[in-house]
Amino acid sequence: MTKAILGVSAFYHDSAAALIVDGEIVAAAHEERFTRKKHDASFPSNACAYVLDEGGLTVSDLAAVAFYDKPYIKFERLLETYHAYAPKGLRSFLSAMPVWIKEKLLTRQILKAELAELGGDNPLLLFPEHHLSHAASAFYPSPFEEAAILTIDGVGEWATTTIGRGDGGQIEIFRELEFPHSLGLLYSAFTYYCGFKVNSGEYKLMGLSPYGAPDGERTRKFESAIRDELVDIRPDGSILLNMTYFNYATGLTMCHDDRWETLFGLPPRPRESELTQPYMDLALAIQQVTEDIVLKLAVTARELSGSERLVMAGGVALNCVANGKLKRKGVFKDIWIQPAAGDAGGALGAALAAWYIWTDGAKRPARQGDRMRGALLGPEYGAPDIERAARKYGAPNRRYTDYDTLCKDVARLLTEGRVVGWFQGRMEYGPRALGARSILGDPRHPEMQKRLNLKIKHREGFRPFAPSALEEDSPEYFDLEGPSPYMLVVAPVKESHRNPEPEGYEKLPLLERLYHVPSDVPAITHVDYSARVQTVNRETNERYWLLIQAFKELTGCSMIINTSFNVRGEPIVCTPEDAYRCFMRTEMDYLVMGDFLFEKSLQPPLKEASDWREEFELD
Ligand SMILES: [Fe+2]
(Lines give C-alpha, C1' and ligand atoms only; values in the text may rest on other atoms or scores of the structure.)
Protein backbone atom coordinates (compact mmCIF):
# COMPACT_ATOMS: atom_id res chain seq x y z
CA MET A 1 0.00 0.00 0.00
CA THR A 2 1.29 3.45 -0.84
CA LYS A 3 1.80 6.03 1.84
CA ALA A 4 1.34 9.70 1.05
CA ILE A 5 2.49 12.54 3.31
CA LEU A 6 1.59 16.18 2.96
CA GLY A 7 4.22 18.63 4.26
CA VAL A 8 3.15 22.11 5.34
CA SER A 9 5.05 25.23 6.35
CA ALA A 10 3.00 28.21 7.47
CA PHE A 11 2.36 31.08 9.89
CA TYR A 12 5.80 32.70 9.75
CA HIS A 13 6.70 33.68 6.20
CA ASP A 14 6.69 31.88 2.84
CA SER A 15 4.05 29.23 3.42
CA ALA A 16 4.25 26.19 1.21
CA ALA A 17 3.01 22.65 0.72
CA ALA A 18 4.71 19.50 -0.56
CA LEU A 19 3.49 16.00 -1.31
CA ILE A 20 5.59 12.86 -1.13
CA VAL A 21 4.33 9.40 -1.97
CA ASP A 22 6.41 6.48 -0.72
CA GLY A 23 9.35 8.80 -0.22
CA GLU A 24 9.25 10.20 -3.78
CA ILE A 25 8.64 13.92 -4.27
CA VAL A 26 5.45 14.40 -6.28
CA ALA A 27 4.82 18.15 -6.05
CA ALA A 28 5.71 21.26 -4.04
CA ALA A 29 4.68 24.90 -4.29
CA HIS A 30 4.66 28.24 -2.45
CA GLU A 31 1.30 29.63 -1.40
CA GLU A 32 2.26 33.16 -2.57
CA ARG A 33 2.22 32.05 -6.21
CA PHE A 34 -1.50 31.25 -5.97
CA THR A 35 -2.70 34.08 -3.72
CA ARG A 36 -0.39 36.66 -5.42
CA LYS A 37 0.64 37.97 -1.96
CA LYS A 38 4.42 38.00 -1.72
CA HIS A 39 5.77 35.86 1.16
CA ASP A 40 2.20 34.88 2.07
CA ALA A 41 2.34 33.34 5.55
CA SER A 42 -1.24 32.10 5.83
CA PHE A 43 -2.22 28.43 5.79
CA PRO A 44 -1.33 27.22 2.26
CA SER A 45 -4.80 26.05 1.21
CA ASN A 46 -4.14 26.64 -2.48
CA ALA A 47 -0.74 24.98 -2.46
CA CYS A 48 -2.16 22.00 -0.52
CA ALA A 49 -5.05 21.65 -2.96
CA TYR A 50 -2.63 21.82 -5.87
CA VAL A 51 -0.12 19.22 -4.61
CA LEU A 52 -2.94 16.81 -3.70
CA ASP A 53 -4.46 17.28 -7.13
CA GLU A 54 -1.10 16.63 -8.78
CA GLY A 55 -0.89 13.34 -6.88
CA GLY A 56 -4.52 12.49 -7.64
CA LEU A 57 -5.23 12.35 -3.89
CA THR A 58 -7.52 13.90 -1.30
CA VAL A 59 -6.77 14.72 2.34
CA SER A 60 -8.54 11.48 3.30
CA ASP A 61 -5.95 9.48 1.34
CA LEU A 62 -3.07 10.88 3.38
CA ALA A 63 -1.19 8.76 5.87
CA ALA A 64 -0.14 11.96 7.68
CA VAL A 65 0.28 15.71 7.49
CA ALA A 66 3.68 16.96 8.68
CA PHE A 67 4.09 20.53 9.91
CA TYR A 68 7.58 22.08 9.67
CA ASP A 69 8.15 22.89 13.35
CA LYS A 70 7.05 22.21 16.89
CA PRO A 71 4.89 25.15 17.93
CA TYR A 72 4.89 24.29 21.64
CA ILE A 73 8.66 24.29 21.91
CA LYS A 74 8.76 27.55 19.98
CA PHE A 75 6.33 28.99 22.47
CA GLU A 76 8.46 27.73 25.34
CA ARG A 77 11.46 29.51 23.78
CA LEU A 78 9.47 32.72 23.62
CA LEU A 79 8.36 32.48 27.23
CA GLU A 80 11.82 31.59 28.51
CA THR A 81 13.39 34.43 26.56
CA TYR A 82 10.96 36.98 27.95
CA HIS A 83 11.48 35.55 31.42
CA ALA A 84 15.27 35.81 31.10
CA TYR A 85 15.11 39.43 30.00
CA ALA A 86 12.16 40.56 32.21
CA PRO A 87 10.97 43.21 32.84
CA LYS A 88 12.43 44.26 29.46
CA GLY A 89 10.26 43.49 26.48
CA LEU A 90 6.89 43.76 28.22
CA ARG A 91 5.43 45.81 25.38
CA SER A 92 6.59 43.34 22.76
CA PHE A 93 5.43 40.46 24.96
CA LEU A 94 1.95 41.92 25.17
CA SER A 95 1.75 42.53 21.46
CA ALA A 96 3.19 39.13 20.49
CA MET A 97 1.10 37.01 22.83
CA PRO A 98 -2.32 37.34 21.19
CA VAL A 99 -0.79 36.38 17.82
CA TRP A 100 1.02 33.45 19.37
CA ILE A 101 -1.98 32.15 21.17
CA LYS A 102 -4.22 32.60 18.18
CA GLU A 103 -2.01 31.35 15.37
CA LYS A 104 0.90 29.43 16.69
CA LEU A 105 -0.06 27.78 19.93
CA LEU A 106 -3.31 26.64 18.40
CA THR A 107 -1.55 25.32 15.31
CA ARG A 108 -2.95 21.84 15.77
CA GLN A 109 -6.54 23.09 15.90
CA ILE A 110 -6.01 25.49 13.00
CA LEU A 111 -4.42 22.77 10.88
CA LYS A 112 -7.31 20.43 11.62
CA ALA A 113 -9.86 23.06 10.68
CA GLU A 114 -8.02 24.01 7.47
CA LEU A 115 -7.57 20.39 6.44
CA ALA A 116 -11.26 19.77 7.10
CA GLU A 117 -11.98 22.66 4.69
CA LEU A 118 -9.95 20.78 2.11
CA GLY A 119 -12.11 17.74 2.65
CA GLY A 120 -10.08 15.76 5.18
CA ASP A 121 -11.40 14.02 8.22
CA ASN A 122 -8.94 14.26 11.04
CA PRO A 123 -5.64 13.15 9.45
CA LEU A 124 -2.68 12.20 11.62
CA LEU A 125 -0.66 15.35 12.40
CA LEU A 126 3.10 15.19 12.90
CA PHE A 127 5.46 17.95 14.01
CA PRO A 128 9.14 17.32 13.15
CA GLU A 129 11.53 19.94 14.52
CA HIS A 130 12.28 22.97 12.37
CA HIS A 131 15.96 22.20 11.81
CA LEU A 132 15.27 18.52 11.28
CA SER A 133 12.90 19.64 8.50
CA HIS A 134 15.70 21.74 6.98
CA ALA A 135 18.19 18.88 7.39
CA ALA A 136 15.80 16.38 5.78
CA SER A 137 15.14 18.77 2.88
CA ALA A 138 18.90 19.05 2.36
CA PHE A 139 19.92 15.42 2.65
CA TYR A 140 17.15 13.17 1.31
CA PRO A 141 16.72 14.79 -2.11
CA SER A 142 20.49 15.19 -2.55
CA PRO A 143 22.42 12.89 -4.88
CA PHE A 144 24.60 11.60 -2.02
CA GLU A 145 24.30 8.27 -0.19
CA GLU A 146 25.93 9.84 2.85
CA ALA A 147 26.88 13.44 3.64
CA ALA A 148 27.59 16.01 6.32
CA ILE A 149 24.55 18.23 6.94
CA LEU A 150 24.72 21.92 7.80
CA THR A 151 21.58 23.96 8.45
CA ILE A 152 21.80 27.67 9.22
CA ASP A 153 18.89 30.09 9.53
CA GLY A 154 17.34 32.77 11.78
CA VAL A 155 15.70 30.52 14.33
CA GLY A 156 13.33 27.58 14.56
CA GLU A 157 12.30 26.40 18.00
CA TRP A 158 15.66 26.94 19.74
CA ALA A 159 18.19 25.88 17.15
CA THR A 160 19.71 28.44 14.80
CA THR A 161 22.45 26.21 13.35
CA THR A 162 22.87 22.45 13.32
CA ILE A 163 25.59 20.11 12.17
CA GLY A 164 24.80 16.50 11.44
CA ARG A 165 25.25 13.59 9.11
CA GLY A 166 22.94 11.70 6.81
CA ASP A 167 23.50 8.10 5.83
CA GLY A 168 21.00 6.15 3.71
CA GLY A 169 17.69 6.84 5.40
CA GLN A 170 19.11 8.08 8.72
CA ILE A 171 19.89 11.56 9.94
CA GLU A 172 21.92 12.21 13.07
CA ILE A 173 22.39 15.70 14.52
CA PHE A 174 25.73 16.20 16.34
CA ARG A 175 25.69 19.83 17.35
CA GLU A 176 23.23 22.63 17.75
CA LEU A 177 23.64 26.36 18.31
CA GLU A 178 20.74 27.94 20.16
CA PHE A 179 18.80 31.19 20.10
CA PRO A 180 19.53 34.09 20.53
CA HIS A 181 22.93 33.33 18.97
CA SER A 182 22.09 33.18 15.30
CA LEU A 183 24.00 33.90 12.10
CA GLY A 184 20.71 34.33 10.23
CA LEU A 185 19.48 36.95 12.69
CA LEU A 186 22.87 38.70 12.70
CA TYR A 187 22.67 38.99 8.89
CA SER A 188 19.04 40.11 9.12
CA ALA A 189 20.02 42.86 11.59
CA PHE A 190 22.41 44.24 8.95
CA THR A 191 19.71 43.81 6.29
CA TYR A 192 17.48 46.04 8.40
CA TYR A 193 20.25 48.53 9.22
CA CYS A 194 21.13 48.95 5.53
CA GLY A 195 17.50 49.82 4.73
CA PHE A 196 16.15 46.52 3.38
CA LYS A 197 13.26 44.42 4.56
CA VAL A 198 14.08 41.64 7.02
CA ASN A 199 13.30 38.10 5.76
CA SER A 200 13.32 39.13 2.11
CA GLY A 201 15.92 41.89 1.66
CA GLU A 202 18.86 39.67 2.70
CA TYR A 203 19.36 38.92 -0.97
CA LYS A 204 19.72 42.62 -1.75
CA LEU A 205 22.28 43.07 1.01
CA MET A 206 24.31 40.23 -0.45
CA GLY A 207 23.97 41.78 -3.94
CA LEU A 208 25.23 45.09 -2.55
CA SER A 209 28.35 43.64 -0.90
CA PRO A 210 30.53 43.45 -4.04
CA TYR A 211 30.24 47.24 -4.32
CA GLY A 212 32.07 47.59 -1.01
CA ALA A 213 35.77 48.43 -1.22
CA PRO A 214 37.56 45.16 -0.36
CA ASP A 215 40.81 46.84 0.71
CA GLY A 216 39.21 50.02 2.01
CA GLU A 217 40.01 51.40 5.44
CA ARG A 218 36.32 51.79 6.27
CA THR A 219 35.44 48.18 5.35
CA ARG A 220 38.29 47.00 7.60
CA LYS A 221 37.07 49.20 10.45
CA PHE A 222 33.52 47.93 10.07
CA GLU A 223 34.66 44.33 10.05
CA SER A 224 36.78 44.85 13.18
CA ALA A 225 33.83 46.54 14.90
CA ILE A 226 31.61 43.55 14.10
CA ARG A 227 34.19 41.07 15.36
CA ASP A 228 35.19 43.07 18.45
CA GLU A 229 31.75 44.21 19.58
CA LEU A 230 28.87 42.33 17.97
CA VAL A 231 29.93 38.72 17.60
CA ASP A 232 32.45 36.39 19.18
CA ILE A 233 33.40 33.77 16.59
CA ARG A 234 34.82 30.54 18.01
CA PRO A 235 37.22 28.34 16.02
CA ASP A 236 34.46 25.74 15.44
CA GLY A 237 32.18 28.36 13.83
CA SER A 238 29.81 28.68 16.79
CA ILE A 239 29.04 32.28 17.65
CA LEU A 240 28.10 34.33 20.67
CA LEU A 241 26.27 37.57 19.96
CA ASN A 242 26.62 40.55 22.28
CA MET A 243 22.93 40.95 23.03
CA THR A 244 23.32 44.51 24.33
CA TYR A 245 23.36 45.50 20.63
CA PHE A 246 20.35 43.44 19.55
CA ASN A 247 16.68 43.85 20.28
CA TYR A 248 15.04 40.86 18.54
CA ALA A 249 14.95 38.62 21.62
CA THR A 250 12.41 40.78 23.40
CA GLY A 251 11.74 43.81 21.24
CA LEU A 252 9.87 44.51 18.08
CA THR A 253 12.97 45.56 16.13
CA MET A 254 16.22 43.89 15.14
CA CYS A 255 18.81 46.05 16.88
CA HIS A 256 19.47 49.09 19.06
CA ASP A 257 19.95 51.81 16.44
CA ASP A 258 21.68 54.23 18.80
CA ARG A 259 24.35 51.72 19.82
CA TRP A 260 24.94 50.67 16.22
CA GLU A 261 25.22 54.28 15.15
CA THR A 262 27.88 54.89 17.80
CA LEU A 263 29.69 51.70 16.84
CA PHE A 264 29.77 52.25 13.07
CA GLY A 265 29.51 56.06 12.94
CA LEU A 266 26.67 55.57 10.48
CA PRO A 267 22.90 55.99 11.01
CA PRO A 268 20.43 53.33 9.85
CA ARG A 269 19.73 53.85 6.15
CA PRO A 270 16.11 54.90 5.50
CA ARG A 271 14.33 52.57 3.10
CA GLU A 272 14.50 53.55 -0.58
CA SER A 273 17.03 56.31 0.11
CA GLU A 274 20.15 56.63 -2.01
CA LEU A 275 22.70 53.85 -1.58
CA THR A 276 26.00 55.38 -0.60
CA GLN A 277 29.49 53.88 -0.27
CA PRO A 278 29.48 53.45 3.54
CA TYR A 279 26.48 51.09 3.32
CA MET A 280 28.18 49.12 0.56
CA ASP A 281 31.26 48.80 2.76
CA LEU A 282 29.07 47.70 5.67
CA ALA A 283 27.36 45.12 3.42
CA LEU A 284 30.78 43.81 2.42
CA ALA A 285 32.01 43.70 6.03
CA ILE A 286 29.09 41.57 7.25
CA GLN A 287 29.34 39.41 4.12
CA GLN A 288 32.99 38.67 4.91
CA VAL A 289 32.18 37.85 8.53
CA THR A 290 29.34 35.57 7.37
CA GLU A 291 31.66 33.77 4.94
CA ASP A 292 34.19 33.24 7.72
CA ILE A 293 31.56 31.72 10.03
CA VAL A 294 30.09 29.50 7.29
CA LEU A 295 33.57 28.24 6.40
CA LYS A 296 34.42 27.45 10.03
CA LEU A 297 31.09 25.62 10.45
CA ALA A 298 31.80 23.64 7.29
CA VAL A 299 35.24 22.63 8.57
CA THR A 300 33.64 21.46 11.83
CA ALA A 301 30.98 19.56 9.88
CA ARG A 302 33.74 17.89 7.87
CA GLU A 303 35.56 16.84 11.06
CA LEU A 304 32.51 15.64 12.98
CA SER A 305 30.93 13.73 10.11
CA GLY A 306 34.04 12.33 8.47
CA SER A 307 32.17 12.82 5.21
CA GLU A 308 33.59 14.29 2.00
CA ARG A 309 30.25 15.63 0.86
CA LEU A 310 28.11 18.39 2.30
CA VAL A 311 24.42 19.24 2.01
CA MET A 312 22.96 22.54 3.20
CA ALA A 313 19.62 24.23 3.91
CA GLY A 314 18.19 27.07 6.01
CA GLY A 315 17.91 30.69 4.90
CA VAL A 316 21.67 31.35 5.15
CA ALA A 317 22.25 28.59 2.56
CA LEU A 318 20.71 31.02 0.03
CA ASN A 319 23.82 33.21 0.44
CA CYS A 320 25.28 32.12 -2.88
CA VAL A 321 28.37 34.33 -2.52
CA ALA A 322 29.32 32.43 0.65
CA ASN A 323 28.40 29.13 -1.04
CA GLY A 324 30.66 29.89 -4.00
CA LYS A 325 33.61 30.68 -1.72
CA LEU A 326 32.98 27.55 0.35
CA LYS A 327 32.96 25.47 -2.81
CA ARG A 328 36.25 26.95 -4.00
CA LYS A 329 37.93 26.38 -0.61
CA GLY A 330 37.64 22.64 -1.29
CA VAL A 331 36.77 21.60 2.29
CA PHE A 332 34.36 19.13 0.71
CA LYS A 333 34.64 17.23 -2.55
CA ASP A 334 31.07 18.07 -3.41
CA ILE A 335 28.32 20.32 -2.05
CA TRP A 336 24.58 20.14 -2.70
CA ILE A 337 22.18 22.84 -1.54
CA GLN A 338 18.42 22.49 -1.28
CA PRO A 339 16.93 25.00 -3.80
CA ALA A 340 14.07 25.81 -1.41
CA ALA A 341 16.58 26.41 1.40
CA GLY A 342 14.36 28.90 3.26
CA ASP A 343 11.30 28.08 5.33
CA ALA A 344 9.16 27.21 2.29
CA GLY A 345 11.48 24.22 1.87
CA GLY A 346 10.52 23.16 5.39
CA ALA A 347 7.27 21.79 3.94
CA LEU A 348 9.19 19.28 1.84
CA GLY A 349 11.66 18.57 4.66
CA ALA A 350 8.89 17.95 7.19
CA ALA A 351 7.22 15.44 4.88
CA LEU A 352 10.52 13.69 4.15
CA ALA A 353 11.51 13.62 7.83
CA ALA A 354 8.14 12.10 8.74
CA TRP A 355 8.49 9.48 6.01
CA TYR A 356 11.98 8.36 7.05
CA ILE A 357 11.22 8.35 10.76
CA TRP A 358 8.15 6.32 9.96
CA THR A 359 9.93 3.80 7.84
CA ASP A 360 12.73 3.73 10.38
CA GLY A 361 15.08 5.20 7.82
CA ALA A 362 15.07 1.98 5.90
CA LYS A 363 13.70 2.86 2.53
CA ARG A 364 15.55 5.67 0.83
CA PRO A 365 14.89 5.20 -2.91
CA ALA A 366 17.89 3.61 -4.58
CA ARG A 367 17.70 5.88 -7.65
CA GLN A 368 20.93 7.82 -8.04
CA GLY A 369 21.16 11.53 -8.70
CA ASP A 370 19.39 14.68 -7.58
CA ARG A 371 15.80 13.88 -6.56
CA MET A 372 14.46 17.45 -6.87
CA ARG A 373 13.83 17.15 -10.63
CA GLY A 374 15.38 20.54 -11.25
CA ALA A 375 13.00 22.01 -8.60
CA LEU A 376 10.29 21.95 -11.30
CA LEU A 377 7.66 20.68 -8.88
CA GLY A 378 4.82 23.17 -9.31
CA PRO A 379 1.75 23.36 -11.57
CA GLU A 380 1.93 23.06 -15.35
CA TYR A 381 -0.49 24.63 -17.80
CA GLY A 382 -1.19 23.20 -21.25
CA ALA A 383 -2.28 24.67 -24.57
CA PRO A 384 -6.00 24.84 -23.62
CA ASP A 385 -5.13 26.96 -20.52
CA ILE A 386 -2.95 29.30 -22.58
CA GLU A 387 -5.61 29.62 -25.28
CA ARG A 388 -8.24 30.38 -22.66
CA ALA A 389 -6.11 33.19 -21.23
CA ALA A 390 -5.47 34.53 -24.74
CA ARG A 391 -9.20 34.55 -25.47
CA LYS A 392 -9.99 36.31 -22.20
CA TYR A 393 -7.61 39.15 -23.00
CA GLY A 394 -8.29 39.14 -26.76
CA ALA A 395 -4.56 38.54 -27.15
CA PRO A 396 -3.29 37.86 -30.70
CA ASN A 397 -0.59 35.20 -30.83
CA ARG A 398 1.21 32.76 -33.06
CA ARG A 399 1.22 29.04 -32.29
CA TYR A 400 4.28 27.13 -33.42
CA THR A 401 3.99 23.52 -34.51
CA ASP A 402 7.73 23.06 -34.46
CA TYR A 403 9.60 23.76 -31.23
CA ASP A 404 12.99 24.16 -32.98
CA THR A 405 11.61 27.01 -35.07
CA LEU A 406 10.22 28.67 -31.95
CA CYS A 407 13.65 28.43 -30.29
CA LYS A 408 15.38 29.87 -33.37
CA ASP A 409 12.92 32.78 -33.52
CA VAL A 410 13.27 33.53 -29.80
CA ALA A 411 17.08 33.31 -30.01
CA ARG A 412 17.01 35.85 -32.86
CA LEU A 413 14.72 38.20 -30.91
CA LEU A 414 17.13 38.06 -27.96
CA THR A 415 20.08 39.00 -30.20
CA GLU A 416 18.06 42.01 -31.35
CA GLY A 417 17.97 43.22 -27.75
CA ARG A 418 14.39 42.14 -27.11
CA VAL A 419 13.23 41.09 -23.66
CA VAL A 420 11.22 37.88 -23.65
CA GLY A 421 8.92 36.44 -20.99
CA TRP A 422 9.35 32.66 -20.88
CA PHE A 423 6.64 30.38 -19.46
CA GLN A 424 7.14 26.62 -19.84
CA GLY A 425 6.19 23.47 -17.98
CA ARG A 426 6.04 23.07 -14.20
CA MET A 427 6.64 26.07 -11.95
CA GLU A 428 9.73 26.23 -9.75
CA TYR A 429 9.78 25.41 -6.03
CA GLY A 430 12.12 27.74 -4.13
CA PRO A 431 12.81 31.45 -4.57
CA ARG A 432 14.64 31.31 -7.92
CA ALA A 433 13.19 31.11 -11.42
CA LEU A 434 15.06 28.40 -13.31
CA GLY A 435 13.68 28.62 -16.83
CA ALA A 436 10.04 27.72 -16.23
CA ARG A 437 8.85 31.22 -15.18
CA SER A 438 11.69 33.48 -16.35
CA ILE A 439 12.35 36.73 -18.17
CA LEU A 440 15.16 36.38 -20.70
CA GLY A 441 17.62 38.71 -22.37
CA ASP A 442 20.93 38.78 -24.24
CA PRO A 443 23.83 38.84 -21.72
CA ARG A 444 26.21 40.37 -24.28
CA HIS A 445 24.15 43.56 -24.46
CA PRO A 446 25.90 46.36 -22.49
CA GLU A 447 22.65 48.19 -21.65
CA MET A 448 20.65 45.10 -20.72
CA GLN A 449 21.26 45.18 -16.94
CA LYS A 450 20.00 48.74 -16.58
CA ARG A 451 17.12 48.21 -18.97
CA LEU A 452 15.88 45.10 -17.22
CA ASN A 453 16.24 46.58 -13.75
CA LEU A 454 14.63 49.92 -14.35
CA LYS A 455 12.09 49.27 -17.09
CA ILE A 456 11.05 45.68 -16.64
CA LYS A 457 11.64 44.68 -13.03
CA HIS A 458 11.19 48.17 -11.52
CA ARG A 459 13.93 47.53 -8.99
CA GLU A 460 17.27 48.90 -7.83
CA GLY A 461 19.66 49.49 -10.72
CA PHE A 462 22.63 47.92 -8.92
CA ARG A 463 21.15 44.46 -8.78
CA PRO A 464 22.85 42.08 -11.17
CA PHE A 465 21.30 39.39 -13.34
CA ALA A 466 22.08 35.75 -13.45
CA PRO A 467 23.08 33.66 -16.44
CA SER A 468 21.55 30.36 -17.46
CA ALA A 469 24.38 28.53 -19.19
CA LEU A 470 24.50 25.15 -20.90
CA GLU A 471 25.90 22.85 -18.22
CA GLU A 472 28.51 21.38 -20.55
CA ASP A 473 29.80 24.81 -21.64
CA SER A 474 29.80 26.64 -18.29
CA PRO A 475 33.48 25.82 -17.49
CA GLU A 476 34.44 27.92 -20.53
CA TYR A 477 32.98 31.00 -18.88
CA PHE A 478 33.19 30.47 -15.13
CA ASP A 479 35.64 29.20 -12.53
CA LEU A 480 33.13 26.68 -11.32
CA GLU A 481 33.58 23.00 -10.73
CA GLY A 482 30.53 20.85 -11.29
CA PRO A 483 26.96 21.92 -12.01
CA SER A 484 24.98 24.68 -10.29
CA PRO A 485 21.42 23.77 -11.27
CA TYR A 486 19.69 25.96 -8.71
CA MET A 487 21.57 29.24 -9.13
CA LEU A 488 22.88 28.98 -5.57
CA VAL A 489 26.56 29.45 -6.25
CA VAL A 490 28.41 32.60 -7.28
CA ALA A 491 31.51 31.98 -9.38
CA PRO A 492 34.14 34.27 -10.97
CA VAL A 493 33.84 35.03 -14.69
CA LYS A 494 37.00 33.67 -16.34
CA GLU A 495 39.84 36.12 -17.05
CA SER A 496 39.60 35.39 -20.77
CA HIS A 497 36.11 36.93 -20.86
CA ARG A 498 36.92 40.04 -18.78
CA ASN A 499 37.63 43.59 -19.92
CA PRO A 500 40.29 45.62 -18.05
CA GLU A 501 39.07 48.17 -15.48
CA PRO A 502 39.46 51.87 -16.26
CA GLU A 503 41.81 53.81 -13.99
CA GLY A 504 40.33 54.83 -10.61
CA TYR A 505 37.40 52.46 -11.16
CA GLU A 506 37.10 51.46 -7.51
CA LYS A 507 36.67 55.05 -6.40
CA LEU A 508 33.82 55.81 -8.83
CA PRO A 509 30.28 56.17 -7.41
CA LEU A 510 28.10 53.09 -7.76
CA LEU A 511 26.03 54.16 -10.71
CA GLU A 512 29.05 55.33 -12.68
CA ARG A 513 30.67 51.95 -12.18
CA LEU A 514 27.70 50.42 -13.94
CA TYR A 515 28.85 52.18 -17.15
CA HIS A 516 32.00 50.11 -17.29
CA VAL A 517 31.57 47.07 -19.56
CA PRO A 518 33.25 44.40 -17.39
CA SER A 519 33.23 41.44 -19.77
CA ASP A 520 31.94 40.11 -23.07
CA VAL A 521 28.81 39.09 -21.14
CA PRO A 522 28.37 42.37 -19.21
CA ALA A 523 24.72 42.00 -18.19
CA ILE A 524 25.51 38.98 -16.00
CA THR A 525 28.92 40.10 -14.72
CA HIS A 526 28.88 41.73 -11.30
CA VAL A 527 31.23 44.60 -10.39
CA ASP A 528 33.65 42.13 -8.82
CA TYR A 529 33.61 39.97 -11.99
CA SER A 530 31.42 37.33 -10.42
CA ALA A 531 28.18 35.77 -11.64
CA ARG A 532 25.38 33.83 -9.98
CA VAL A 533 25.38 30.87 -12.32
CA GLN A 534 22.61 28.47 -13.23
CA THR A 535 23.83 25.53 -15.25
CA VAL A 536 21.13 24.00 -17.44
CA ASN A 537 20.99 20.28 -17.90
CA ARG A 538 19.39 18.84 -21.02
CA GLU A 539 17.76 15.93 -19.24
CA THR A 540 16.18 17.93 -16.39
CA ASN A 541 15.12 21.01 -18.33
CA GLU A 542 15.00 20.10 -22.00
CA ARG A 543 12.94 22.94 -23.46
CA TYR A 544 15.10 25.55 -21.75
CA TRP A 545 18.30 23.77 -22.78
CA LEU A 546 17.17 23.70 -26.43
CA LEU A 547 16.48 27.43 -26.38
CA ILE A 548 19.96 28.23 -25.01
CA GLN A 549 21.44 25.84 -27.57
CA ALA A 550 19.61 27.74 -30.33
CA PHE A 551 21.03 31.01 -28.95
CA LYS A 552 24.50 29.46 -28.96
CA GLU A 553 24.14 28.31 -32.57
CA LEU A 554 23.25 31.85 -33.57
CA THR A 555 25.81 33.75 -31.49
CA GLY A 556 28.48 31.36 -30.21
CA CYS A 557 27.46 32.39 -26.67
CA SER A 558 26.23 29.48 -24.49
CA MET A 559 24.15 31.47 -22.04
CA ILE A 560 21.22 33.85 -21.69
CA ILE A 561 20.09 36.19 -18.91
CA ASN A 562 17.54 34.62 -16.59
CA THR A 563 15.56 36.74 -14.15
CA SER A 564 12.41 35.71 -12.37
CA PHE A 565 9.10 36.37 -14.15
CA ASN A 566 7.64 39.00 -11.82
CA VAL A 567 7.88 42.69 -11.06
CA ARG A 568 9.16 44.18 -7.83
CA GLY A 569 6.95 43.37 -4.86
CA GLU A 570 5.02 40.62 -6.65
CA PRO A 571 5.50 36.86 -6.47
CA ILE A 572 6.72 34.96 -9.54
CA VAL A 573 3.88 34.32 -12.00
CA CYS A 574 2.05 31.02 -11.74
CA THR A 575 -0.69 30.82 -14.38
CA PRO A 576 -0.86 31.93 -18.06
CA GLU A 577 -3.08 34.81 -16.93
CA ASP A 578 -0.53 36.00 -14.36
CA ALA A 579 2.14 35.81 -17.03
CA TYR A 580 0.12 37.74 -19.60
CA ARG A 581 -0.78 40.50 -17.14
CA CYS A 582 2.82 40.86 -16.00
CA PHE A 583 3.92 40.95 -19.65
CA MET A 584 1.47 43.72 -20.42
CA ARG A 585 2.35 45.81 -17.38
CA THR A 586 6.07 45.93 -18.13
CA GLU A 587 8.15 46.84 -21.13
CA MET A 588 8.75 43.22 -22.06
CA ASP A 589 8.71 42.86 -25.85
CA TYR A 590 7.58 39.26 -26.32
CA LEU A 591 5.98 36.51 -24.29
CA VAL A 592 6.35 32.80 -24.97
CA MET A 593 3.96 30.40 -23.24
CA GLY A 594 4.29 26.78 -24.29
CA ASP A 595 4.30 26.89 -28.10
CA PHE A 596 2.62 30.31 -28.28
CA LEU A 597 4.37 33.59 -29.02
CA PHE A 598 2.80 36.94 -28.09
CA GLU A 599 4.22 40.15 -29.55
CA LYS A 600 3.71 43.26 -27.42
CA SER A 601 3.12 45.66 -30.31
CA LEU A 602 0.13 43.58 -31.48
CA GLN A 603 -1.63 43.39 -28.10
CA PRO A 604 -4.70 45.46 -27.22
CA PRO A 605 -4.25 47.65 -24.11
CA LEU A 606 -4.73 45.87 -20.80
CA LYS A 607 -7.88 46.95 -19.02
CA GLU A 608 -7.84 48.20 -15.44
CA ALA A 609 -8.42 45.86 -12.54
CA SER A 610 -11.99 47.06 -11.90
CA ASP A 611 -12.98 46.24 -15.48
CA TRP A 612 -11.66 42.74 -15.04
CA ARG A 613 -13.84 42.17 -12.05
CA GLU A 614 -16.88 43.18 -14.09
CA GLU A 615 -15.89 40.91 -16.89
CA PHE A 616 -15.21 38.08 -14.51
CA GLU A 617 -18.68 38.42 -13.04
CA LEU A 618 -20.20 38.35 -16.51
CA ASP A 619 -18.41 35.09 -17.32
FE1 LIG B 1 14.21 28.12 9.01
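Only a predicted model underlies this, so the values are computations on that prediction, with no experimental measurement involved. Whatever order the structure lists ligands and atoms in, that order sets their numbers, starting from 1.
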Mark yes or no: Arg269 above the aromatic ring of Phe196, with NZ or CZ under 6.0 Å from the six-membered ring centre and no more than 45 degrees from the axis. yes
Partner residues of Arg175 under the side chain to side chain donor-acceptor pair (under 3.5 Å) criterion, sequence neighbours left out: Asp236
Which pairs pass salt bridge (charged side-chain N to carboxylate O under 4.0 Å, His left out) with one or both residues in residues 318-346, sequence neighbours excluded? Glu291-Lys325, Glu308-Lys333
Protein N/O/S atoms closer than 2.8 Å to the Fe ion (ligand 1), ordered by chain and number, come to His130 NE2, His134 NE2, Asp153 OD2, Asp343 OD1
Side chain to side chain donor-acceptor pair (under 3.5 Å) partners for Tyr193, two or more places apart: none
Taking C-beta and beyond as the side chain, do Arg165 and Ile149 meet within less than 4.5 Å on heavy atoms? no
Assess the pair Trp260 and Tyr192: is the distance between their ring centroids shorter than 6.0 Å? no
